[in-house]
Amino acid sequence: MMAMVATCCTHRHPYQPLHRITLAHRLRSDVPLHCSCPSSVRRHHPRHGLYPSANPAAVAASPSLRVYATVPVSSALSPAAAANNNHIIQCLCRQGNLRQAMKLLSLEANPTQRTYEALILSCARCRGNDASSFADTVHQRLVDDGYDQDPFLSTRLIEMYAEFGAVGDARQVFERTREKTVFVWNAMLRTLALAGAGEEALPLLREMVASGVSLDSFTYSFLLKACICVPSHFSLAFRRIREIHGHVFRYGFESQVHVATTLVDAYAKIGQVLYARRVFDWMPVKNAVSWSAMISCFTKNERSFEALQLFHKMMAEDTDQNHKSFPNSVTMVSVLQACGGLSALEQGKMVHAYILRRGLNSVPSVVNALIAMYMKCGNMESGRQMFDSISNQRDVVSWNSMISGYGIHGLGKEAIRVFQEMISAGIPPSPITFVSVLGACSHVGLVEDGKRLFNSMAREHGLVPSAEHYACMVDLLGRAGHLEEAGRIIEEMRIEPGPTVWGSLLGACRIHGHVELAERASSRLFQMEPKNAGNFVLLADIYAGAKMWEEVGRVKKLLEAQNLQKLPGCSWIEMKRNVYTFLSVDEMNPQIEQLHALILRLVMEMKETGYVPETNVVLYDLDQEEKERILLGHSEKLALAFGLINSGSGEVIRITKNLRLCEDCHAVTKFISKFAKREIFVRDVNRFHHFREGLCSCGDYW
DNA sequence: CTAGGGTTAG
């Protein structure tokens, strides 16, 4: 017997009952819209109802809604058809034919609540310039017809204005609605969260409580969203989230999956990993979304290792009783990010295999994440292969991933070529495209190309350069030694140079040992980011390079006075499908003596060929021997020694580091690549270093 | 009638 599959009579795909379609589905143009077949078909064609899709003849013979919807407006106006006008307007709206629907509305005497709902939804979905004028017309007409006190339609209107980002209009509707149901309140809160007006959410909540409406789980979700949409004040957001968390707990909403997941995400977004973890661990019921939220919390907070650990735990839970915890495409995107973050190619390949097994390999976001993962793991061939395999469905993210991927490998010309190919393919570049391509130029000193691309932003692509783009230019020029020109760019900027811009300049000063300019840049940076230890360390680094030890001490006192800590150096290496972590000066490591011995032996050999340790990168005013000892403890050297000991002689070694690779480690790794005949990939925060036969792919320019 | 996680850069 053929399976009975209910299909939509208009579109002939399996339908979703109307009440299951969320607003998000309705508003997203890429999601096929399902017409409300069960209700409308039953109502208007009682004899037909649902039919099995297995019978094509029946499908073809059956009247479809499209027949109604394409009735020309003039004939729809005949008295016989007039009764159907409401239905026709609704159909036109569902088909996105708002213009026709509006025409009919002007002639229809009695639009119903359902008709207004359809019109509002259609306006919200419409992306054209007409949308807001249509919206105003609908709104006005609705008021004239006395529907403005209908809380259901008020909710819809508020949601529509939220979609336009028109908080004021939403607020007006909200204020004028006398009977404020919990839906009305929630819609208003959601609007504030969406518009980034989180500040107004708490006062609104107080009003809501005062009005006597009882809060529901949706209220808490929107409230939490509102708290994290004000990015500048993490500590304030933290206090607020904890306060809301307290309420959630007190009123027993913590056990609700949606609320708890939003809490996890809220803590994640402000960097409070421990709090997120605590909520997650206490969740009585977890599903794929909660797991994904926690995994992405780890990746987003530079704790990819824990993200992978959690993913493995998630798969272990993936049993018959727990089928709701199946990893899905969103999970995979975060997991792939984690693999990329650690340059864990073997892990990445395993995840890729899992993706194929689960049939998630055709989801665009997953493919894009795969491209980025392979590029970040140093496997450009596989990245390119993935990119080529979607030649018909590349979006701006796919292109950006390739461009930045080539960039971090130091293949600037290749990155520019891909960029041009993208333009020829008619894909409009995004601001991120330019950050990527300018970054690619910067890595290899393609100054002229970079300037040309920067100028083309506004001229050819209608994009206004942001502070990030200026920072790219300052980096490009500064690195290449054009410090004065970099400084001029900052002076001539039309927008306020943010910390990224000054940071780039400071970085350039470090490379070229420009103390005076560094002092200027850092004083601006200290004002803007008083708590960013990295800036202080960079300045101290520059002083150390100039052997100005008193100044080094002064900067370090500044750090200590504020109780700020230098971000500890940390390296990862993947060996036999395991990821190992090394910290700088890693006394706890069980193999530490063996590792030190190996490094020491290699360094001795190197000294015979003329190597001199780069002790200037050590920020302590110690004697030479002590400095050299500190250099030996750098995390990347430990990881490298571990890799040499624990792998076969021909194997490629891949290491990732959380900071910039230091000069000494760079020199040592070059030597080892030749001496031990090893190919060694090291990815630092900025880019790849591919060591082979005593040379590095960066050409010592990094 | 409403809700939760994700893709590129720095």
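Within every chain, numbering begins at 1; the chains are lettered A, B, ... in the order of the sequence lines, protein sequences first and strands thereafter. Remember, it's a predicted structure, so these values are computed and weren't measured experimentally.
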Original post:
In whole angstroms, how far is the P atom of B/dT2 from the OH atom of A/Tyr220?
Top reply: 21 Å
**OP:** Write down the distance between CD (A/Glu302) and P (B/dG10), rounded to a whole number of angstrom.
**Re:** 13 Å
**OP:** Could you please name the option among B/dA9, B/dT7, B/dG5 that lies closest to any side-chain atom of A/Lys376?
**Re:** B/dA9
Original post:
With a non-hydrogen cut-off below 4.0 angstrom, is A/Phe434 in contact with a base, only sugar-phosphate, or nothing?
Top reply: nothing
Original post:
Counting side-chain heavy atoms from CB outward, which of B/dG4, B/dC1, B/dA3 is closest to A/Ser217?
Top reply: B/dA3
Original post:
Within the structure shown, what part of the strands sits under 4.0 Å from A/Ser296 by heavy-atom distance: base, sugar-phosphate, or nothing?
Top reply: sugar-phosphate
**OP:** Nearest whole angstrom, please: distance from the P of B/dG4 to the CD1 of A/Ile228.
**Re:** 11 Å
Original post:
Side chains of A/Thr262 and A/Tyr220: closer than 4.5 Å at any heavy-atom pair?
Top reply: no
Original post:
What's the closest nucleotide to the A/Asn400 side chain, out of B/dA3, B/dG10, B/dT8?
Top reply: B/dT8
Original post:
Crowded around A/Tyr701 OH? As in, over 12 foreign heavy atoms under 6.0 Å?
Top reply: yes
Original post:
Should the ring pair A/Tyr147 and A/Tyr116 be called parallel, tilted or perpendicular, given that the plane angle runs from 0 to 90° and is split at 30 and 60?
Top reply: perpendicular
Subject >> Candidates B/dT2, B/dT7, B/dT8 - which lies nearest the side chain of A/Ser401 >> reply: B/dT8
Subject >> Nearest-nucleotide pick for A/Lys225, side chain only, options being B/dT7, B/dG5, B/dT2 >> reply: B/dG5
Original post:
Taking atom types as modelled, is there a side-chain donor on A/His258 or A/Thr261 under 3.5 Å from an acceptor on the other?
Top reply: no
Subject >> Partner set under side chain to side chain donor-acceptor pair (under 3.5 Å) for A/Asp216, not counting sequence neighbours >> reply: A/Asn186, A/Thr219
Original post:
Taking all non-hydrogen atoms of both residues, which atom of A/Arg683 and which atom of A/Lys376 are closest, and how far apart?
Top reply: NH1-O, 2.9 Å
Original post:
With a 3.5 Å cut-off and no angle check, do the side chains of A/Asn658 and A/Glu302 form a donor-acceptor pair?
Top reply: no
Original post:
A/Asn361 has an atom CG; how far is it from atom P of B/dT7, in whole Å?
Top reply: 20 Å
**OP:** Answer with base, sugar-phosphate or nothing: what part of the nucleic acid does A/Asn328 contact at a heavy-atom distance below 4.0 Å?
**Re:** base
Subject >> Contacts of type ring pair (Phe, Tyr, Trp, His ring centres under 6.0 Å), residue A/Trp502, not counting sequence neighbours >> reply: none
**OP:** Could you work out which one of B/dG10, B/dG4, B/dA3 sits closest to the side chain of A/Val435?
**Re:** B/dG10
Subject >> Which nucleotide in B/dG5, B/dG4, B/dT2 has an atom nearest any side-chain atom of A/Phe222 >> reply: B/dT2
Original post:
Could one point to a donor on the side chain of A/Asn686 or the base of B/dG10 with an acceptor on the other under 3.5 Å away?
Top reply: no
Original post:
Nearest of B/dA9, B/dG5, B/dT7 to any side-chain atom of A/Val289?
Top reply: B/dG5
**OP:** Would you mind classifying the nucleic acid contact of A/Ser504 as base, sugar-phosphate or nothing, using non-hydrogen atoms under 4.0 angstrom?
**Re:** nothing
**OP:** Round to the nearest Å and state the distance from A/Lys300 atom NZ to B/dA9 atom P.
**Re:** 11 Å
**OP:** Among B/dT2, B/dG5, B/dC1, find the nucleotide with the atom closest to the side chain of A/Ala293.
**Re:** B/dG5
Subject >> Closest nucleotide among B/dT2, B/dG10, B/dT7 to the A/Asn368 side chain >> reply: B/dT7
Original post:
Looking at DNA chain B, which of residues 256-272 of chain A put a heavy atom within less than 4.0 Å of it?
Top reply: A/Val257, A/His258, A/Thr261, A/Thr262, A/Asp265, A/Lys269
Original post:
Reckon A/Thr331 touches a base, only the sugar-phosphate, or nothing at all at heavy-atom distances under 4.0 Å?
Top reply: base
